[in-house]
Protein chains: 2
Amino acid sequence: MNDRPLPTKDRLILSAATLFRTRGYHGVGLADLLADAKAPKGSLYHHFPNGKSDLAMAAATSASDEMLRLIAASFDGAESFNDGAKTLCFKLAKLFDITGWDTCPIAATLFEGPDNEDFRDHASHIYEGWIAEVQDHAARLGLSPEEAQAKSEHLFMLIQGGWALARARRSSDVIRKMTDRL
Amino acid sequence: MNDRPLPTKDRLILSAATLFRTRGYHGVGLADLLADAKAPKGSLYHHFPNGKSDLAMAAATSASDEMLRLIAASFDGAESFNDGAKTLCFKLAKLFDITGWDTCPIAATLFEGPDNEDFRDHASHIYEGWIAEVQDHAARLGLSPEEAQAKSEHLFMLIQGGWALARARRSSDVIRKMTDRL
DNA sequence: GCAACGCTGGACCAATCGGTCTAATGCTGT
DNA sequence: ACAGCATTAGACCGATTGGTCCAGCGTTGC
């Protein structure tokens, strides 16, 4: 599935991010993972000594970074909070159409994983990172600290829930229509 | 875990609903399931000829029914849409505290399951059922059809997303605070 | 040229997976 | 009491799971 030139470690992370996102942590076996990344088992345990769980952590981080880039790209040229929020929603709707009806990568990878403390902490940390990123932009665009926090959390919840509904409907319309209610 | 007097079939559904909700479809093995329900394997395949997947469907339906009852109970005595929505949020926050940081039972059971068409359809059907139930109450409370639909979808997304954030934070506060923004 | 080392390839493992099958055990109506 | 059917109990199965281990490959520095 992925380009051969990429280093093995990156191929593993990329495959893991994709597969976990679509089928959840427990839904993906090492066999699927290694076939998709075109890597042998030895490489996995060389780069990720703790195997599947280490890889899941890395995949979640990678997915989170992509999300942070998307947030930055949406708010950087924005003239108001609502402006940036709308752009973000449209970008996410497009992403939804491309990747196709997957879950939130963090939830699929970390929440469905072993009910490990590390997993939950990492997921929490990533979510707070997204909210903090939006919050910073909100503050920069003139909102009071309280307003900034409330609005970023609100946006997070709407997107998270909208994504779930969009998945059930196999249509990104709700994510786009969401912008009317901001 | 469950009361012995309950018939085996019901015990199976109850255990399945609980376990799938907390650890996801693939995260639960038949062994865990049968141990929790105190039922032998033969009973499972007698009541649910297709095994795990049949049971997951039934568990999702059961969880959905509970949700529908919760919605009805919240809106029945409500004097306005926002009134009912607030009550629902408070009830859900309490439920969240009791059950403790689980995912949406439908998502955990059906979305993480085999990427079967039946599973996705059932999940979609259940979600639309929740929205339709809220929508009916909204219409009854005087909202126009368009407003009723928009507001019920909006509420669904907020709750779904709020639940996810609450889970990451291990705190139902966001669900309660959500009511300020309706 | 050669030693050292990062990395790969895959054979192998015990444990667990979901599922099948059959014998025994209720419980029912007659 | 007996027949007939619904349910239970669990031994058993092949496939797959995540994980270990080591021999060999290829590149690098000397």
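So that the names make sense, note that chain A is the first sequence line, chain B the second, and so on, each numbered from 1.
B/Gly29 comes within 4.0 angstrom of sugar-phosphate atoms only, judged by non-hydrogen atoms across all strands, and of no base.
Relative orientation of the A/Phe81 and A/Phe75 rings is tilted, given thresholds of 30° and 60° on the angle between their planes. The aromatic rings of B/Phe156 and B/Trp130 lie tilted to each other, with the angle between the two planes from 30° to 60°. Between A/Trp163 and A/Phe96, the ring planes are perpendicular. Angles over 60° get that label, and only those under 30° would be called parallel.
In terms of phosphate contacts, A/Ser43 brings a side-chain nitrogen or oxygen within less than 4.0 Å of OP1 or OP2 of C/dT8. Between D/dT7 and B/Thr8, no contact under 4.0 Å exists linking OP1 or OP2 to a side-chain N or O. Note on B/His47: a side-chain N or O is less than 4.0 Å away from OP1 or OP2 of D/dT8.
Taking 3.5 Å as the limit, the base of C/dG19 and the side chain of B/Lys52 contain no donor-acceptor pair of atoms between them.
Side-chain atoms of A/Thr22 come within 3.5 Å of backbone atoms of A/Leu19 as a donor-acceptor pair (strictly under, hydrogens ignored).
The distance from atom CG of B/Leu33 to atom P of C/dC17 is 11 Å, rounded to the nearest whole Å. A/His26 has its NE2 atom 11 Å from the P atom of C/dG18, to the nearest Å. With rounding to whole Å, A/Asp32 atom CG is found 14 Å from C/dC17 atom C1'. Residue A/Leu12 contributes atom CG, which lies 14 Å from atom P of D/dG18 at whole-angstrom precision. Between the CG atom of A/Leu44 and the P atom of C/dG10 there is a distance of 15 Å, given to the nearest Å. Atom pair B/Leu55:CG and C/dG19:C1' shows a separation of 14 Å (rounding to whole Å applied). Atom CG of B/Leu34 and atom C1' of D/dT7 are 15 Å apart (whole Å). If you measure from atom NZ of B/Lys38 to atom P of D/dG10, you get 14 Å, rounded to the nearest angstrom.
Within the structure, no pair that satisfies the ring pair (Phe, Tyr, Trp, His ring centres under 6.0 Å) test touches residues 50-71 of chain B, not counting sequence neighbours.
In this structure, A/Tyr45 and B/His46 both approach DNA chain D, and ranking their closest nucleotides by distance from the 5' end singles out B/His46. Residue whose closest nucleotide on DNA chain D sits further toward the 5' end, between A/Asn50 and B/Ala39: B/Ala39.
Out of C/dG19, D/dT17, D/dG18, the shortest distance to the side chain of B/Lys41 is found at C/dG19.
Residue B/Phe90 is not grouped with residue B/Ile175 when hydrophobic side chains (ILVMFWY) are merged at heavy-atom distances under 4.5 angstrom, including chains of intermediate members.
DNA chain D lies under 4.0 Å from no heavy atom of any residue of residues 107-114 of chain A.
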For residues 164-172 of chain A, dump all side-chain donor-acceptor pairs below 3.5 Å to protein atoms at least two apart in sequence or in another chain.
residue  : atom : partner  : partner atom : Å
A/Arg167 : NE   : A/Trp101 : O            : 2.6
A/Arg167 : NH1  : A/Thr103 : OG1          : 2.9
A/Arg169 : NE   : B/Glu128 : OE2          : 2.6
A/Arg169 : NH1  : B/Glu153 : OE2          : 3.0
A/Arg169 : NH2  : B/Glu128 : OE1          : 3.1
A/Arg169 : NH2  : B/Glu153 : OE2          : 3.0
A/Ser171 : OG   : A/Asp173 : N            : 3.1
A/Ser171 : OG   : A/Asp173 : OD2          : 3.3
A/Ser172 : OG   : A/Asp97  : OD1          : 3.0
A/Ser172 : OG   : A/Asp97  : OD2          : 3.1
A/Ser172 : OG   : A/Arg176 : NH1          : 2.7

